[in-house]
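A quick write-up on the structure given underneath.
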Amino acid sequence: MSKNEEAKNAGRRNFLRTSGVLGASGVLGATALAGCGSQNQDPPGTGSGTGTGTGSGTGGTPPETAPAGLNPHVEPGQLDEYYGFWSGGQSGEIRILGVPSMRELKRIPVFNRESATGHGATDWTKQVMGGMHVGDTHHVHLSYNDGTYDGRYIYVNDKANARLARVRCDVMEMDAMVEIPNSQGTHGIFPQRHRTGLVFCNSEFQIPTPNDGSVLDDPTQYYGLHTAVDGETMEVRWQVKVPGNMDLAATDYQGNYSFATCYNSERGVHLEEMMSAERDWLYVFNLAEIQRAVDAGQTIRIGSSPVPVVDATADTNPFVMRIPVAKSPHGVNIDPTGHYAVVAGKLSPTGTVVDITKIADAFAGRIEPRECVVAEPELGLGPLHTAFDGRGNAYTSIFIDSNITKWNIENAIRAHAGEQVEYIVNRCDVQYQVGHTNASMSETREADGRWLIALCKFSKDRFLNVGPHKPENDQLIDISGETMRLVHDGPTFSEPHDCVVVRADLIHPTSIQNREAARFRLYEQWAQEDGINLLEDSRIIRKGPQDVRIYMTSRAPNFALTEIPGIKTGDRVQIICTNQDDVEDLSHGFCLSRHDVCMVVNPRDTNSITFTAGAPGVYWYYCPWFCHALHLEMRGRFFVEPR
Ligand code: RUQ
Ligand code: CUA
């Protein structure tokens, strides 16, 4: 690094340290600012007694009123109180962390090719992934019932290839994936919260509709699509065509509306054009009106896609209301009471609070859309996302100022109405440039105001230098008291965008494969074809001159077949491997030397992979998962004859 760069970085760091104060100048309540981590002067949590408790009873956490705050340390052998579900960004996966330990417990491959499990190479994953191997996951949300998590599914977007995928929480594996038609840049997603219903997906990029090459360089004909996917069947139900780039998504708690922040209301394709307007919009989708139009067939089709599309491109229409909000909004988050939508300004230092109970009046024309806005608090430079503690406070991530700003929603509303009242409570500097933030149970009615995660885009000097590509920094903040308290730095690999923190008692994974996921129907269909009992039988079946199917069971420390003869070079070979062990944690796998073939087979699981037999010779296959004292001996020979 040059001296200049060093000086610049040092300056930046000092700036970041004081930015809490700098960012506050001009903001009501600047004098009330308390630095993050300065404990004890402040009254202990205002919410003592209001927390819902975690109910999991796993940790020895002191009560919320303890002046020292919550204990983030989870002793070896102790379990975390929360599951954290992290999107994996351009790694295409989901990660499970324990909170508050921030231990990474598992990676769930979704849109990515993964060596260890064979995800993306096994027969079923290849089929549902349509031959694609990259994904860009930004947002993970769980299925809901009655305003809180029902522990069944995790939904996740793929911005790269415009897809939505689902993970089953019983086995923590991807079980469905759907392409979002007519759109690009599937970004914000959010499921309905009153029950497992629709999952809404926003297209961030505007494109010609249809995008068939007939329109190229005419941005006036570019549009976005707000898409509803059925959260049970994972089928695309309908789409709504609108102008603008839709960013983040949210839903109310009643099932009446879905929301999308919309930037680039100017509909530009270059940066300058996208930023010219002083205000952009919060889109509110009237789900009943949209369903009515879909049922009545008042829809259009785009290209060859069979999905009904509601045209909501007119400035005023019954389907989508445009609420003017501060310039280039990014996050939209609904508070746990379901009363307010908080929109973060991104290019404006303000947030916008929308009163959801007024939206019906605005749709009915009794008030102007803008009258739904009940507060516009000044929050700092670059507000992005907002979390809640269930005690009336909001925590907004401030990207440029690098802090989390805690503010009181009711006070912001009173200030907006003209009262002299402070709404900023305090700020916590984070390291550095925070994107998303989320708090324990924040996206539910049961927000408990205990832990907050700040997903910082840059870690700079917080960790040992590991080369030009640095980890990010997911920081853990105790929000149980009046003052936020930074307690942990968590390096993460590229590049989780968002996370949700879910009480552990709401999630109930199995330890032994229950064989209920969609892929088992495929294996069972093959087995039926061949008269095979998957859990018992092993057999080599030549299906055609170039096709061989092999059923093989495994039980520690043996494969049922230790020799696979009769294969000719160039044969298409399918291995369907079943693990007979119903012992917790006893995974086997199948890895074939020099064939680019490796997959996992978990307890009582079946997995299958198809490949082309290589040059004549002997190839050892082996179990790649350490399963037994004789694990290294768990292998066999694959004989390839000349054709
Ligand atoms: S985004 S840093 Cu893709 Cu969720 Cu806001
Ligand atoms: Cu089975 Cu190692």
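Start at 1 and go down the list; that is how both ligands and their atoms are numbered. Keep in mind that what you see is a predicted model, and the values were worked out from it rather than measured. Below, each value reflects all heavy atoms present in this structure, side chains not excepted, and no hydrogens, waters or symmetry copies.
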At under 4.0 Å between heavy atoms, which part of Lys159 makes contact with ligand 1: side chain, backbone, both or neither?
neither
Between Phe590 and Tyr621, is the ring centre distance below 6.0 Å?
yes
Taking N, O or S atoms only and a limit of 2.8 Å, check whether Trp625 reaches atom 2 (Cu) of ligand 2.
yes
Where do Asn473 and Gln431 come nearest, in terms of heavy atoms and distance?
ND2-O, 3.0 Å
With carbon and hydrogen excluded and only N/O/S kept, which atom of His187 is nearest atom 3 (Cu) of ligand 1?
NE2
Checking only N/O/S atoms, does His138 have one that is under 2.8 Å from atom 3 (Cu) of ligand 1?
yes
Where ligand 1 meets Gly435 - atom numbers and elements under 4.0 angstrom, heavy-atom basis
2 (S)
If you count the atoms of ligand 1 from 1 in the order shown, which ones are under 4.0 Å from a heavy atom of His330?
1 (S), 2 (S), 5 (Cu)
Measuring only between side-chain heavy atoms, which start at C-beta, is Arg462 closer than 4.5 Å to Tyr432?
yes
Looking at atom 4 (Cu) of ligand 1, is there an N, O or S atom belonging to His436 that lies under 2.8 Å away from it?
yes
Going by heavy atoms in the side chains, are Phe85 and Met172 under 4.5 Å from each other?
yes
How close does the nearest protein non-hydrogen atom get to atom 2 (S) of ligand 1, and which residue and atom is it?
His385 NE2, 3.4 Å
Just wondering, is there an N, O or S atom on Cys627 that's nearer than 2.8 Å to atom 2 (Cu) of ligand 2?
yes
Where ligand 1 meets His497 - atom numbers and elements under 4.0 angstrom, heavy-atom basis:
3 (Cu)
Answer yes or no as to whether an N/O/S atom of His631 is found below 2.8 Å from atom 2 (Cu) of ligand 2.
yes
